**Q** 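One structure, as structure tokens, below. Some questions next.
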Amino acid sequence: MAETIRTSEKPSNSSSLNPPSRIICHVCQKQFSQYTCPRCNSRYCSLPCYKSHSIRCTESFMRENVVEELRHLQSDDQTKRKMLEILKRFHSEDEIEPLDEDVDGGEVNINDLSLEEKKRFQRVLASGELSKMIEPWDPWWLKPAARTICLSKDGAQLIQPMANREDLESDQPSDIPCGPKTPLPSLRMLISAEPSPLLAVHLVDIIYSYCFTLRVYNGDWQSDAVGSAMEVLSISSVLGQAGQPETVQEALCYCLEQTCSPAYRHIGGLQFGLALVDDITNLLSLGSPALICMLCDLQRMIMAAVRELKSEKQSKLRKSETKSKLKLAERKVYFIMCWVHEQPNKALSSLAAIVSAEKSSLMEYGGNKSFSRTEKNVAGNKGKALIEEM
């Protein structure tokens with residue numbers, strides 16, 4: 001026989017043939033009642049409902065119990081003090097608002113805020129006060145472990161040796177991005193002609209955009225793969241504008257111009273951009289293994305963005321255009337990765353020295369280098385393919 005639900009206060013007769021009825025809580029009207037108020041016989045389901053069903057009833061009941069208990073005790077000062085402490089504890093518990101166990105512990109959305117709260121949040125966000133609450137991120141390329149990265153001769157990730165017991169017990173995973181899971185092909189398998197001598201300049205552009213994005217996202221691009229990938233494309237002329245800068249100066253000037261634009265001025269402006277130039281120098285100085293891991297991490301970011309696009313609420317045309325840009329950028333990154341794998345560390349060190357010299361030149365002139373040549377170069381090369389179809 002199905003269980004019945006009753007809202008009446010009258011008790012029900014239960015037997016083996018007639019199962020006990022269930023009475024809804026008179027306070028919250030949500031749960032089945034399990035208890036009865038000893039004073040007013042009101043049915044309730046939990047302690048919060050008991051306390052809220054009638055404060056007057058509850059206090060009166062407690063007072064009567066205390067008075068009745070005092071009658072059976074000796075009226076000495078110590079007993080009175082104990083009973084007063086009990087009453088104080090009871091009142092203090094009443095003042096504490098109980099937690100609602102039914103409230104879902106989901107994430108707070110900005111739409112949950114009132115209009116005034118949204119305005120205050122935007123003001124705090126614009127002032128940069130929220131950044132004080134975020135723990136600063138240490139870039140992986142500045143850590144000592146970045147100088148010991150090893151890959152196989154074909155550029156693939158090596159099988160990691162068994163760590164000692166202390167390393168196994170450590171809860172801190174390595175921040176160094178993994179290298180490619182499969183061997184990198186030779187450039188001769190990808191293109192028939194000789195690779196462009198401008199690829200070194202394009203590498204500088206790509207490294208800058210990667211470091212920019214990771215520093216803006218505090219190292220956590222996984223939290224928003226689409227936003228991170230689009231950030232890369234907005235900073236890089238090579239990946240986002242099909243540009244082909246011919247010199248390191250042109251590549252840096254374009255990236256710095258984007259960094260100092262109104263959209264990113266609140267991040268740090270020119271000083272932030274010059275710090276990113278130092279990041280380029282540090283990564284180039286680490287050699288090809290670190291650069292391959294960096295490019296592989298960038299490739300994973302772009303591919304994750306392509307997958308996330310499926311759940312984005314955009315028009316089909318806009319989603320298709322964004323997906324095409326991301327896939328083209330991914331192919332360029334993969335080609336650069338294969339090119340870096342074949343470069344000697346001496347060539348990468350020389351490129352690092354050129355980048356460092358350009359930074360000194362920018363600082364000497366106060367960062368007032370002309371961007372006109374860069375803009376002309378980008379505009380003139382739109383539509384040109386940086387990499388031939390594989």
Side-chain angles (χ1 to χ4, degrees), residues 125-128 130-131 134 136-142 146 198 200-221 224 227-286 290-291 294-295 297-298 301 329 332-333 336 348 351-379:
L125 187 65
S127 65
L130 290 179
S131 61
I134 303 174
W137 172 69
D138 295 326
W140 61 264
W141 55 85
L142 298 181
L198 300 179
V201 177
H202 300 169
L203 176 63
V204 171
D205 171 279
I206 294 173
I207 297 175
Y208 185 103
S209 62
Y210 172 83
C211 295
F212 176 95
T213 302
L214 257 67
R215 284 193 176 274
V216 168
Y217 278 82
N218 212 37
D220 184 22
W221 64 258
D224 182 11
S228 301
M230 298 310 295
E231 207 83 78
V232 169
L233 267 60
S234 67
I235 297 297
S236 170
S237 66
V238 173
L239 299 179
Q241 302 295 328
Q244 296 189 43
E246 298 178 358
T247 65
V248 172
Q249 176 188 329
E250 289 182 7
L252 292 178
C253 284
Y254 180 87
C255 292
L256 288 171
E257 180 188 22
Q258 299 303 108
T259 305
C260 297
S261 65
Y264 300 112
R265 192 170 296 163
H266 63 283
I267 296 176
L270 181 61
Q271 293 302 318
F272 177 62
L274 293 176
L276 293 172
V277 177
D278 289 335
D279 288 334
I280 299 174
T281 305
N282 288 322
L283 271 165
L284 289 171
S285 301
L286 294 175
L291 289 171
M294 181 274 294
L295 292 167
D297 192 37
L298 177 56
M301 178 199 302
K332 291 179 180 179
V333 170
I336 290 284
L348 299 174
L351 183 58
I354 295 173
V355 172
S356 181
E358 283 297 334
K359 181 198 172 185
S360 300
S361 177
L362 288 168
M363 294 179 66
E364 180 180 354
Y365 289 97
N368 291 325
K369 288 280 185 179
S370 173
F371 298 124
S372 58
R373 186 179 178 187
T374 303
E375 294 173 352
K376 182 178 179 180
N377 179 268
V378 172

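Quick caveat: nothing in here was measured; it's all calculated off a predicted structure. Only this structure's heavy atoms are used, side chains among them; waters, hydrogens and symmetry mates stay out.
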**Q** Go through it in stages, so that I can follow the logic: the residues are L291 and L286, the test is side-chain contact (heavy atoms from CB on, under 4.5 Å), and I'd like the CA-CA distance, side-chain angles, deciding distance and then a yes or no.
**A** CA-CA 8 Å; L291 289 171; L286 294 175; over 6 Å; no

**Q** Grab the two heavy atoms, one from S237 and one from P245, that are nearest each other, plus how far apart they are.
**A** OG-CD, 3.9 Å

**Q** Output the distance between atom OG (S236) and atom CG (D205), rounded to the nearest 0.5 Å.
**A** 3.5 Å

**Q** So which of T281, L351, T247 actually passes side chain to side chain contact (heavy atoms under 4.5 Å, CB included) with V204?
**A** L351

**Q** Please report the shortest heavy-atom distance between L239 and L233, naming the atom on each side.
**A** O-CG, 3.9 Å

**Q** Quick one: CG on L276 to OH on Y208, what's the gap to the nearest 0.5 Å?
**A** 4.5 Å

**Q** Tell me every residue that passes side chain to side chain contact (heavy atoms under 4.5 Å, CB included) with S228, counting only those two or more places apart in sequence or in another chain.
**A** T213, Y217, W221, M301

**Q** What closest approach, in Å, do T259 and G269 show between heavy atoms, and which atom pair accounts for it?
**A** CG2-O, 3.7 Å

**Q** Check whether any side-chain heavy atom of L284 sits under 4.5 Å from a side-chain heavy atom of L203, and report yes or no.
**A** yes

**Q** Heavy atoms only: give me the nearest G219-W137 pair and the separation to one decimal.
**A** CA-CE2, 3.4 Å

**Q** Between D279 and Y210, is there a side-chain donor-acceptor contact under 3.5 Å, judged purely by atom types and distance?
**A** no

**Q** Would you say E250 and C253 make side-chain contact, with heavy atoms under 4.5 Å?
**A** no

**Q** So, do L274 and K359 sit near enough that their side-chain heavy atoms are less than 4.5 Å apart?
**A** yes

**Q** Please report the interatomic distance CD1(I280) to CD1(I354), rounded to the nearest 0.5 Å.
**A** 12.5 Å

**Q** Let me confirm one number: the CD-CG distance from E257 to L252, rounded to the nearest 0.5 Å.
**A** 13.0 Å

**Q** Is there a side-chain contact between V355 and V277, using heavy atoms and a 4.5 Å cut-off?
**A** yes

**Q** So, for E246 and L198, which heavy atoms are closest and what is the spacing to 0.1 Å?
**A** O-CD2, 3.6 Å

**Q** Taking Q258's backbone N and O only, do any of them form a donor-acceptor pair with S261's side chain (distance below 3.5 Å, no angle check)?
**A** yes

**Q** Which value, rounded to the nearest 0.5 Å, describes the distance between W141 atom CH2 and L283 atom CG?
**A** 6.0 Å

**Q** If you take all heavy atoms of M294 and I207, which pair is closest and at what distance?
**A** CE-CG1, 3.4 Å

**Q** Once you round to the nearest 0.5 Å, how far does CG of N218 lie from CG of D138?
**A** 9.5 Å

**Q** Is a side-chain N or O of S361 found less than 3.5 angstrom from the main chain of A357, in a donor-acceptor match?
**A** no

**Q** Could I get the full list of ring pair (Phe, Tyr, Trp, His ring centres under 6.0 Å) partners for F212, not counting sequence neighbours?
**A** Y264, F272

